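A short worksheet on the structure shown next.
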Amino acid sequence: MRAGAARAACAVLLALGIAGPVAAGGYDPRILPAKPRYARNAACSDVTIAMPPATHRLPGSNRISPQPADIPVGQGDSAICFAYATADMISQRVGRAVSPLDVASKFYFADPARLPEIRDPRIRAHLRAHPTYRADIDWSRNATDISRDGNPQAQPYFDKLEGGEEDAAALLYNLGGLCAERDLPSHEGYAHFTRTFAALRYGAPVRAPNQCFRSVGATVDRLRSRRADAVNAAWLARVETLCRREPSPVPLLPVSFRVASNQLEFMEMLEAGRAPSASTVSRMLAMVDYALDHGRAPTVGYSWYVLEERDPKDPDVAADHSSAIVARRRTARGCQYRVQDNTGEYCARMREGIRERCDNGRIWLWEEELKRTLYSVIYLR
């Protein structure tokens with residue numbers, strides 16, 4: 001059955017719950033204004049954003065150095081840095097470590113038509129203020145790459161999908177409640193579920209050609225095929241079995257600004273002589289300052305090659321990357337921002353000059369270093 005026909009045949013609704021209203025319990029539910037006036041923090045005053053205690057672990061033994069809990073949760077061989085950065089942003093906002101794999105699962109497959117069903121008036125107001133949110137989510141899903149590594153037919157299996165948008169992922173994470181990292185472990189990418197994905201590829205559901213997979217029916221056709229639908233639906237069922245979901249204590253309301261959709265497009269802008277103006281770059285940094293000054297950890301889109309030299313044989317000329325910014329400080333030389341990198345790379349492998357400012361995957365970048373490739377900023381109100 002073709003994906004389009006399956007969609008028509010199925011009354012598609014994702015079997016997920018809906019985040020409830022703001023919960024009590026001491027966590028500050030204050031919501032930032034939707035359209036504030038941004039200004040740089042001229043003093044570059046010191047600020048550190050408190051992140052929730054780490055809970056991630058490796059499959060098997062954790063008797064390694066550094067300990068997993070001492071470094072940011074790592075994406076391993078996956079290419080979904082957006083989900084790890086978004087999970088950091090959400091975790092900081094809700095005060096508990098959420099699973100990046102759950103963030104990615106919802107981004108690719110959750111039904112955006114269910115967002116207006118959420119009763120929280122702040123989410124409804126956000127949707128009214130962003131009437132194109134459905135089209136924006138579809139666009140970001142259609143921009144997804146599909147890896148052919150071990151997947152010669154380019155089937156859109158969940159663990160072969162690459163890329164995504166942090167603002168869309170955060171908005172979709174209002175559906176279904178929070179899933180803790182300890183319930184759905186994401187450290188080292190898919191390492192905890194290698195056997196799971198292998199079994200799903202060759203399992204019984206794949207041999208049933210005419211099933212209606214409701215849990216994946218709301219996504220775009222690019223992320224659907226008969227074989228992938230079966231695998232992805234089984235994965236989502238596994239997620240729901242493992243996740244002991246809790247309602248979010250606050251609505252997740254993303255604010256975003258970008259000058260390009262990704263790092264490659266940003267590079268093409270530079271090559272064409274259409275570099276962002278100084279005022280535009282200043283606006284992006286002002287948004288970062290605003291978020292930090294109001295107790296939020298923003299995410300930024302930039303190039304991984306700021307941190308590590310490109311291998312001349314690497315076909316990826318852009319190295320599109322996303323990270324949370326968790327601190328700012330002023331030094332004698334100027335302003336620095338601390339990037340929380342989720343690649344899992346060791347500091348010793350980074351560029352000379354960068355490795356000396358790296359501590360277990362958290363790197364102090366000079367403002368000028370960040371400016372060179374910065375193309376997007378997202379934070380949660």
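Count residues from 1 along the sequence. Predicted model, so just to flag it, every value in this text is computed and none were measured.
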Please determine whether salt bridge (Lys or Arg N to Asp or Glu O under 4.0 Å) holds for the pair Arg351 and Glu356, giving the CA-CA distance in whole Å, both sets of side-chain angles, and the decisive distance to 0.1 Å. CA-CA 9 Å; Arg351 290 176 180 269; Glu356 292 81 4; over 6 Å; no
Would you check if the side chain of Ser99 reaches a backbone N or O of Asp102 as a donor-acceptor pair within less than 3.5 Å? yes
Does Arg330 CZ have over 12 foreign heavy atoms under 6.0 Å away? yes
What about Phe266 and Tyr302, are their ring centers closer than 6.0 Å? no
Could you label the plane-to-plane angle of the Tyr38 and Tyr379 rings as parallel, tilted or perpendicular, counting under 30° as parallel and over 60° as perpendicular? perpendicular
Note: Leu380 and Ala170 closest approach over all heavy atoms is CD2-CB, 3.9 Å
Indicate yes or no for a side-chain donor-acceptor contact from Gln75 to the backbone of Ser78 under 3.5 Å, with no hydrogens or angles considered. yes
Using salt bridge (Lys or Arg N to Asp or Glu O under 4.0 Å), reason through Arg372 and Glu368 one step at a time and then give a plain yes or no. CA-CA 7 Å; Arg372 287 203 297 267; Glu368 294 302 318; over 6 Å; no
Checking the side chain of Arg296 only, and the main-chain atoms of Arg381 only, is there a donor and an acceptor separated by less than 3.5 Å? yes
Count I, L, V, M, F, W, Y as connected when their side-chain heavy atoms are under 4.5 Å apart, and connections chain through other members. Are Tyr305 and Val339 then in the same cluster? yes
Give a yes or no on whether the backbone of Ala327 and the side-chain of Thr48 come within a donor-acceptor separation of less than 3.5 Å. no
So does Leu171 get a backbone contact from the side chain of Asn174, meaning a donor-acceptor N/O pair under 3.5 Å? yes
Does a sphere of radius 6.0 Å around CG in Asp316 hold more than 12 heavy atoms from other residues, nucleotides or ligands, not counting ones at 6.0 Å or beyond? yes
How about Asp314: does its CG atom have over 12 heavy atoms from other parts shown lying under 6.0 Å from it? yes
Are the ring centres of Trp235 and Phe197 closer than 6.0 Å? yes
Tyr375 OH to Leu264 CG distance, which is reported to the nearest 0.5 Å: 10.0 Å
Mind checking whether Phe107 and Phe82 have ring centres under 6.0 Å apart? yes
Where the side chain of Asn232 meets the backbone of Pro156, is there a donor-acceptor pair that is under 3.5 Å apart? yes
All heavy atoms of Pro254 vs all of Ile378, minimum pair found to be CB-CG2, 4.3 Å
Of all heavy-atom pairs between Glu165 and Ser261, which one has the smallest distance, and what is that distance? OE2-O, 3.7 Å
Heavy atoms of other groups near Arg40 CZ, more than 12 under 6.0 Å: yes
Between the main-chain N or O of Ile71 and the side-chain N or O of His56, is there a donor-acceptor pair closer than 3.5 Å? yes
Say whether, by atom type as modelled, one donor and one acceptor occur between the side chain of Arg357 and the main chain of Gly353 under 3.5 angstrom. yes
Atom CZ of Arg128 and atom NE2 of His130: how far apart are they, to the nearest 0.5 Å? 12.5 Å
Do the side chain of Gln263 and the main chain of Thr373 share a donor and acceptor less than 3.5 angstrom apart? yes
